[in-house]
Number of protein chains: 2
Amino acid sequence: MSHGREKILQTSLQEFAEKGYDGSRIDYIAKSAGVNKALIYYHFKSKEELYTAVINDLFEKAASVSITPTGTSVRDNLLQIMEHFMHFLHENPFFVKIMDQCVKHSRDIFNNLHHQNIFFERVMSMYLLGVQNGECRKVDHPEDFIVSLLGAVYFYFSHHKAIRKFYGDISEEEVISIRKRTMKDMVSRLLFS
Amino acid sequence: MSHGREKILQTSLQEFAEKGYDGSRIDYIAKSAGVNKALIYYHFKSKEELYTAVINDLFEKAASVSITPTGTSVRDNLLQIMEHFMHFLHENPFFVKIMDQCVKHSRDIFNNLHHQNIFFERVMSMYLLGVQNGECRKVDHPEDFIVSLLGAVYFYFSHHKAIRKFYGDISEEEVISIRKRTMKDMVSRLLFS
DNA sequence: AAAATTAGACTAACCATTTAGTTTAATTTT
DNA sequence: AAAATTAAACTAAATGGTTAGTCTAATTTT
């Protein structure tokens, strides 16, 4: 594989994540990647195709993250998955930014992605296991509770700029550790009892 | 007040909410608003200024929404505020869309807004009241629980397209009613007991 | 009369895309 | 092994559509 192509993809991810599709400039991507603009068109047909390539790449990586919980109880495993979700968002800030735009931009790109929702599915199937073996409490609409739990976690990362001030002047790591505790408490209180 | 100015602001809100700042076109706004393009520049210095005017307008309206809970207990009042939050997001889809972009776009515009967080503040002060009179349970980091609760509600609206499918083939009103029940359950389990 | 609005041509900058070519390294032919 | 050929990777510069913003002169509204 050519070095240029990889570099273009990396740089484009940053640019698209930060400025959005319409705000991104091919010229700037080329300059940042240290390649000639035409090389982008050599590897990708158009800006649109570059965008979808970037997105597919990203979501593929996201989907390949293996989450095989190792706990002995459903409770442990659920907490592990959720913690994993948190870490994933924390370590992949581009994912959140791209995801946020992607939901709005061309629905075709987004709908053709298969792996948007591994975390939802894993939490759900783990929860259903918990209901079966009596560990979890039964709720009428588990999908709604799970969306709420994932959303609560996601929201902090997607609206970091707006939210951060509520936590005062402590380090990011401290906030994450607080959020982790809260998240565990939420899982316990909402899905168990 | 001039009729044109109002119409321009309304139309711009839609355009900016749907396409984002960079994706929006002044020509299109003028056409949709049924006014001449020059009129936009008669009222607003530039696209950027139009954008900030639209945003300030929107957040001003959002802040002016009076939330004066009428319940007899802190529990009732908290639930009322949260339900109000949900209704507000449901009825003002533009708000969510603008908010989402706004967090990313020019930080100056966003940081100069005073009223981003009325809901956070009202929930927080109501909760503190509940702690004082013994209705609510004490938690180490109430700000984190409140962010999580608001986030759980917000997430559904901001990522509607990605999430909707988890609820199957039921009407939007039904989903909202399910979400309302879940939200109440969450408030009860997280802030009380 | 002053403020609001229209018509629409105009411009300058911007920006995605193309064209026409070069470089490099590997493969084939002589 | 030298010469010829190929294909892929890459580049500099041009092209042309798009778009924010302007200008002028006239008309309508308050």
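Order of the sequence lines fixes the chain letters, A, B, ..., with proteins taken first and strands second; residue numbering starts at 1 for each chain.
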Could you tell me whether a side-chain N or O of A:Lys19 sits under 3.5 Å from a main-chain N or O of A:Arg25, the two making a donor and an acceptor?
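No.
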Looking at A:Phe192, is A:Arg75 sitting on its ring face, NZ or CZ under 6.0 Å from the six-membered ring centre and within 45 degrees of the normal?
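Cation-pi check for A:Arg75 and A:Phe192: passes.
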Tell me, please, whether A:Phe157 has A:Arg164 positioned over its six-membered ring: NZ or CZ under 6.0 Å from the ring centre and within 45 degrees of its axis?
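Negative - A:Arg164 is either too far from the ring of A:Phe157 or too far off its axis.
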Over how many whole Å does the gap from [X] atom [atom1] to [N] atom [atom2] extend?
X       : N      : atom1 : atom2 : value
B:Asp22 : C:dC14 : CG    : C1'   : 13 Å
B:Tyr51 : D:dT19 : OH    : P     : 18 Å
A:Ile40 : D:dA12 : CD1   : P     : 14 Å
A:Lys31 : C:dC15 : NZ    : C1'   : 15 Å
A:Ile26 : C:dA16 : CD1   : P     : 5 Å
A:Lys19 : C:dA16 : NZ    : C1'   : 16 Å
A:Phe44 : D:dA9  : CZ    : C1'   : 13 Å
A:Asp27 : D:dA12 : CG    : P     : 13 Å

[options]: which one has an atom nearest the side-chain heavy atoms of [X]?
X       : options                : value
B:Tyr41 : D:dC10, D:dA20, C:dA16 : D:dA20
A:Lys47 : C:dT5, C:dA7, C:dT17   : C:dT17
A:Lys37 : D:dG21, D:dA14, C:dT19 : D:dA14
A:Tyr42 : D:dA9, D:dG21, C:dC15  : D:dA9
A:Ala38 : C:dT6, C:dT18, D:dT19  : C:dT18

Contact under 4.0 Å: [X] side-chain N or O vs [N] OP1/OP2:
X       : N      : value
B:Arg25 : D:dA20 : yes
A:Asn36 : D:dA12 : yes
B:His43 : C:dT5  : yes
B:Ser2  : C:dA3  : no

Chi angles and distances behind the ring pair (Phe, Tyr, Trp, His ring centres under 6.0 Å) call for B:Phe94, B:Phe16:
CA-CA 9 Å; B:Phe94 291 154; B:Phe16 284 134; over 10 Å; no
Using a 4.0 Å heavy-atom cut-off, does B:Gly34 contact any base of the nucleic acid, only the sugar-phosphate backbone, or nothing at all?
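The answer is sugar-phosphate, as B:Gly34 gets under 4.0 Å only of primed atoms, P, OP1 or OP2.
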Go ahead and name the base partner of C:dA4; Watson-Crick or wobble counts if both distances stay under 3.5 Å, otherwise write none.
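Matched C:dA4 with D:dT27 under the 3.5 Å cut-off.
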Between A:Tyr156 and A:Tyr167, is the ring pair (Phe, Tyr, Trp, His ring centres under 6.0 Å) condition met? List the steps.
CA-CA 11 Å; A:Tyr156 174 77; A:Tyr167 291 86; 5.7 Å; yes
